[in-house]
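The structure under discussion appears below in the form of structure tokens.
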Number of protein chains: 4
Amino acid sequence: MGSAGAGKSRRMPREVRERQMMDAAVATFGQRGYRAASMDEIAELAGVSKPLVYLYLNSKEELFTACIRREADALLAAVRAGVVERGIAPDQQLWAGLTAFFAHTAEHPDAWSVLYRQARTHGERFADEVAGMREELVSFVTGLLREAARATPTSAEPADLGDRDVVGVAQALVGAAEALAGWANETPDVTAREAASTLMNFAWTGLGGLMDGERWSAGNSAVVRR
Amino acid sequence: MGSAGAGKSRRMPREVRERQMMDAAVATFGQRGYRAASMDEIAELAGVSKPLVYLYLNSKEELFTACIRREADALLAAVRAGVVERGIAPDQQLWAGLTAFFAHTAEHPDAWSVLYRQARTHGERFADEVAGMREELVSFVTGLLREAARATPTSAEPADLGDRDVVGVAQALVGAAEALAGWANETPDVTAREAASTLMNFAWTGLGGLMDGERWSAGNSAVVRR
Amino acid sequence: MGSAGAGKSRRMPREVRERQMMDAAVATFGQRGYRAASMDEIAELAGVSKPLVYLYLNSKEELFTACIRREADALLAAVRAGVVERGIAPDQQLWAGLTAFFAHTAEHPDAWSVLYRQARTHGERFADEVAGMREELVSFVTGLLREAARATPTSAEPADLGDRDVVGVAQALVGAAEALAGWANETPDVTAREAASTLMNFAWTGLGGLMDGERWSAGNSAVVRR
Amino acid sequence: MGSAGAGKSRRMPREVRERQMMDAAVATFGQRGYRAASMDEIAELAGVSKPLVYLYLNSKEELFTACIRREADALLAAVRAGVVERGIAPDQQLWAGLTAFFAHTAEHPDAWSVLYRQARTHGERFADEVAGMREELVSFVTGLLREAARATPTSAEPADLGDRDVVGVAQALVGAAEALAGWANETPDVTAREAASTLMNFAWTGLGGLMDGERWSAGNSAVVRR
DNA sequence: CATGAATGAGTTTTCATTCAT
DNA sequence: GATGAATGAAAACTCATTCAT
């Protein structure tokens with residue numbers, strides 16, 4: 001008889017078991033919420049006994065943290081993979097990244113919920129974990145923005161876009177993307193491409209203006225080019 | 001000193017007590033999260049016994065719902081108040097609204113957390129409550145966008161901005177505002193005016209372009225004016 | 001304007017208020033059960049404030065006791081009234097009493113529930129109260145049985161029916177009546193007369209035999225007349 | 001001493017623990033009443049922690065239902081066992097059944113209280129459970145009565161006892177038995193045999209008359225043989 | 001390696017009862 | 001006399017976590 005019997009297939013390598021548990025955990029945390037998810041439910045969904053979950057993952061907190069990390073890494077990897085495939089003009093890169101972002105979040109709604117709903121709502125300990133990933137996204141976008149600014153000869157005074165501005169814009173852009181992703185996930189017909197298009201239309205043209213030195217100021221309604 | 005001494009004076013009219021309880025509830029829910037907040041803690045913070053909380057507010061769910069509603073109304077009222085004071089050019093209105101939005105959320109971080117973190121993470125029942133408010137914000141912005149589009153003679157073909165586009169843009173704008181508010185609340189030095197400026201700069205110029213018929217398309221990197 | 005205004009008619013004599021409260025209490029205790037009935041509900045149903053209930057009836061226990069007593073007295077009175085009207089042959093008296101018993105319990109289901117379900121299930125303190133009434137019923141029946149025995153010349157040795165036997169039979173008779181009343185109350189079509197008939201047929205003929213000296217004994221299946 | 005010492009030995013197989021819990025529950029429910037019995041008390045009496053009670057029996061309601069079922073089955077089994085041993089003449093069978101009934105209820109007063117006091121007083125959900133058992137008792141008695149009627153050649157017109165009559169008589173008989181059991185349980189010296197004798201004397205002779213066509217009617221005091 | 005057995009601590013919720021006015 | 005305001009105490013139920021095997 002081979003060791004991999006056709007029966008219940010107990011005894012699996014730790015790695016595999018751990019993945020099953022985390023899959024179950026992400027699904028449960030995503031759907032029920034961190035507090036409402038019970039270790040019982042997670043263990044049952046993973047098809048293992050509760051003590052085994054504790055043996056491998058120590059505590060609910062650590063389990064949740066591990067979920068956040070895994071899913072954050074996966075999302076980042078997806079975005080980067082989407083971009084790296086090509087690798088040319090900044091707007092194309094942004095477009096590719098956004099598309100990947102929207103596609104990934106749409107395909108992994110539980111992970112989305114864990115990262116963007118649960119983690120941020122249950123203590124700084126977890127929120128910081130996501131904040132780290134978010135910063136990487138922002139710095140990724142910031143890089144693209146800078147590259148675009150450099151590549152845009154139109155602007156006579158290229159340093160117009162201050163550092164703080166760039167970060168602010170990147171923050172807003174990422175925030176808008178996250179908000180759009182949430183919206184798209186809850187709205188049946190919206191595809192990743194559509195969402196990405198909407199955002200690009202909205203953002204890139206504005207960015208173009210911004211980089212051309214256009215500013216809106218509270219004093220006068222017109223957009224001035226200084 | 002009147003007979004209503006400042007001393008121990010337990011015994012207060014229901015209205016007052018109810019407000020105290022809801023203040024305590026918003027603070028606790030906002031900081032601990034819906035599930036982690038205990039009725040015990042809320043009661044203690046309000047300075048009353050738990051049964052009184054139940055007598056007046058029936059259950060944790062109803063209490064939370066009441067908090068959401070109160071804070072949603074307050075936020076909407078703040079935004080509208082900020083705008084109505086003036087009442088002129090659409091961009092000025094948007095600016096006023098955004099400023100009011102950022103100011104209000106900055107001044108009421110617990111309410112912010114309740115509305116944008118907790119309510120959305122603990123069951124549709126609560127999320128719907130916020131979705132209602134959000135829709136009012138979106139429709140408010142949508143109105144401004146339409147008004148602006150009408151008022152912009154530049155665009156030869158005024159119907160360029162389709163209905164779906166307008167709503168999508170408004171969604172993104174509101175989402176960006178919400179994301180910025182979150183960022184501003186967590187970043188010490190950022191003021192409401194600054195946040196509003198960033199967003200206006202980012203959004204309004206882009207909108208201008210959009211209304212002028214500029215579009216970004218995946219096919220070619222340049223922004224085309226069709 | 002007379003003091004009995006057409007308005008809310010506050011200020012009613014204590015007696016009246018007390019009756020209202022006890023009516024409400026009997027209804028609530030009967031339907032919800034002693035423990036499940038809340039003073040809140042009783043007060044509301046009676047249309048008074050809770051402190052007033054306490055002022056007049058002191059405590060839940062006392063209130064319940066008062067209810068039991070009132071309804072026990074009412075039931076006894078109904079049975080006696082049914083009998084006294086006539087006053088002749090013992091079997092006719094029993095028939096009248098049973099009919100009155102079944103009619104009263106059918107007309108006052110809440111009182112029935114209080115006496116026969118609730119009171120016996122929530123502590124000796126209350127059970128004793130009902131036991132008192134029950135003893136009066138039993139002794140009433142015992143009296144009839146003795147009277148009947150005396151009036152039956154058939155039995156050569158009239159002392160055949162020992163004291164213990166008589167009480168046992170009376171117990172069984174009352175028990176059967178109570179069980180039948182419960183059954184009749186839960187079975188739509190059964191009338192008080194029908195129930196009484198069934199019991200009389202069952203019981204009286206048997207009693208006749210008993211008084212004639214017939215006995216059933218475990219040793220031989222036949223009924224012997226010794 | 002074996003490895004299974006009589007010492008502290010917590011850790012027991014589920015089956016055993018479950019029985020212990022239900023024993024404790026029957027005792028507590030029987031003595032305190034359904035509502036007054038607390039899960040804490042039951043757990044303590046069973047020598048386990050509350051969570052274990054919930055783990056095995058889910059809720060107070062389910063626990064109570066399980067108790068009712070177990071005790072109802074036990075009582076039915078006792079009655080049937082008492083009868084089946086013999087299996088001859090109907091009156092002997094009835095006698096055996098009654099004796100077993102009285103003996104069992106006398107030996108298990110808490111179970112008696114659960115079945116005949118508590119279950120009937122706390123919601124149809126539970127009452128129905130007992131009603132089921134009661135129906136089996138009634139149909140058991142009904143069968144005996146029919147058998148007896150068939151076996152009695154005395155009656156010229158054997159169909160005299162209508163179906164409704166038989167059921168009514170069986171109801172009253174069972175009711176009388178239940179009442180007698182209650183009385184016997186509360187009265188020190190009364191033995192099961194005595195109670196059974198009383199009822200047989202009372203009932204069987206009457207049944208004999210009934211089957212002979214004797215009827216009592218409100219119109220005339222005499223028992224007529226029609 | 002893997003699990004059935006077990007629990008301490010905490011949650012929401014309810015209720016009988018009493019003041020202060 | 002009558003009530004709105006208020007609470008101490010307890011009940012049902014849940015959960016993360018740990019042993020003993």
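Here is the naming used below: chain letters follow the sequence lines, and residue numbers restart at 1 for every chain.
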Discussion item. Are more than 12 heavy atoms, taken from residues, nucleotides or ligands other than Glu62(B), located less than 6.0 Å from that residue's CD atom?
Written reply: yes
Fill in: Separation between CG of Asp23(C) and CG of Leu45(C), rounded to the nearest 0.5 Å
9.0 Å
Worksheet entry | Rounded distance [0.5 Å steps], OG1 in Thr28(A) versus CD in Glu41(A) | 5.0 Å
Fill in: Glu41(B) CD - dT12(E) P separation (whole Å)
10 Å
Practice prompt. Measure the distance from CD on Glu15(B) to C1' on dA5(F) and round it to the nearest whole Å.
Written response: 15 Å
Item to complete: Report the distance from atom CE of Met12(B) to atom P of dT7(F), rounded to the nearest whole Å.
Response: 12 Å
Worksheet, complete the sentence: Interatomic distance, CD1@Ile42(A) vs CE@Met21(A), rounded to 0.5 Å, equals 11.0 Å
Worksheet item: Which distance, rounded to the nearest 0.5 Å, do you find between the CG of Asp40(C) and the NZ of Lys50(C)?
Response: 3.5 Å
Worksheet, complete the sentence: Between CZ of Arg32(D) and P of dA10(F) the distance, given in whole Å, is 14 Å
Worksheet item: Rounded to the Å, how far apart are Met39(B) CE and dT14(F) P?
Response: 18 Å
Worksheet item: Start at the 5' end of DNA chain E and walk down; is the nucleotide closest to Pro13(D) or to Lys50(C) reached first?
Response: Pro13(D)
Worksheet item: Which residue lies toward the 5' end of DNA chain E, Pro51(C) or Arg14(D), if each is placed at its nearest nucleotide?
Response: Arg14(D)
Item to complete: Give Ala43(B) one of three labels, base, sugar-phosphate or nothing, depending on what nucleic acid heavy atoms sit under 4.0 Å from its own.
Response: nothing
Item to complete: Using Watson-Crick or G-U wobble pairs with both distances under 3.5 Å, give me DNA chain E in dot-bracket, 5' to 3', with [ ] for crossers and | for pairs to another strand.
Response: .||||||||||||||||||||
Worksheet entry | Crowding at CZ, Arg32(B) (>12 non-hydrogen neighbours, <6.0 Å) | no
Discussion item. Without decimals, in angstroms, what is the distance between Glu44(C) CD and dC15(E) C1'?
Written reply: 15 Å
Worksheet, complete the sentence: Residues in residues 52-62 of chain A with a heavy atom under 4.0 Å of DNA chain F, by number, are Tyr54(A), Ser59(A), Lys60(A)
Fill in: Salt-bridge contact Asp128(D)-Arg120(D) (side-chain N to carboxylate O under 4.0 Å)
no
Discussion item. Quick check on DNA chain F: between Ser49(B) and Ala37(D), whose nearest nucleotide comes earlier from the 5' end?
Written reply: Ser49(B)
Practice prompt. Would you kindly give the CE-to-P distance between Met21(C) and dA2(F), to the nearest whole Å?
Written response: 8 Å
Practice prompt. Answer yes or no for Lys60(A) and Tyr34(A): cation-pi contact, defined as NZ/CZ to six-membered ring centre under 6.0 Å and angle to ring axis within 45°.
Written response: yes
Worksheet item: Atom CD1 of Ile42(B) to atom P of dT12(E): distance rounded to whole Å?
Response: 8 Å
Discussion item. Taking the cut-offs as 6.0 angstrom to the six-membered ring centre and 45 degrees off its axis, would you call Arg14(A) and Tyr56(A) a cation-pi pair?
Written reply: yes
Worksheet item: Of all the choices, dT7(F), dG4(F), dC19(F), which nucleotide is nearest to the side chain of Arg11(B) once you look at every atom?
Response: dG4(F)
Fill in: Side-chain N or O of Arg17(B) closer than 4.0 Å to phosphate OP1/OP2 of dA5(F)
no
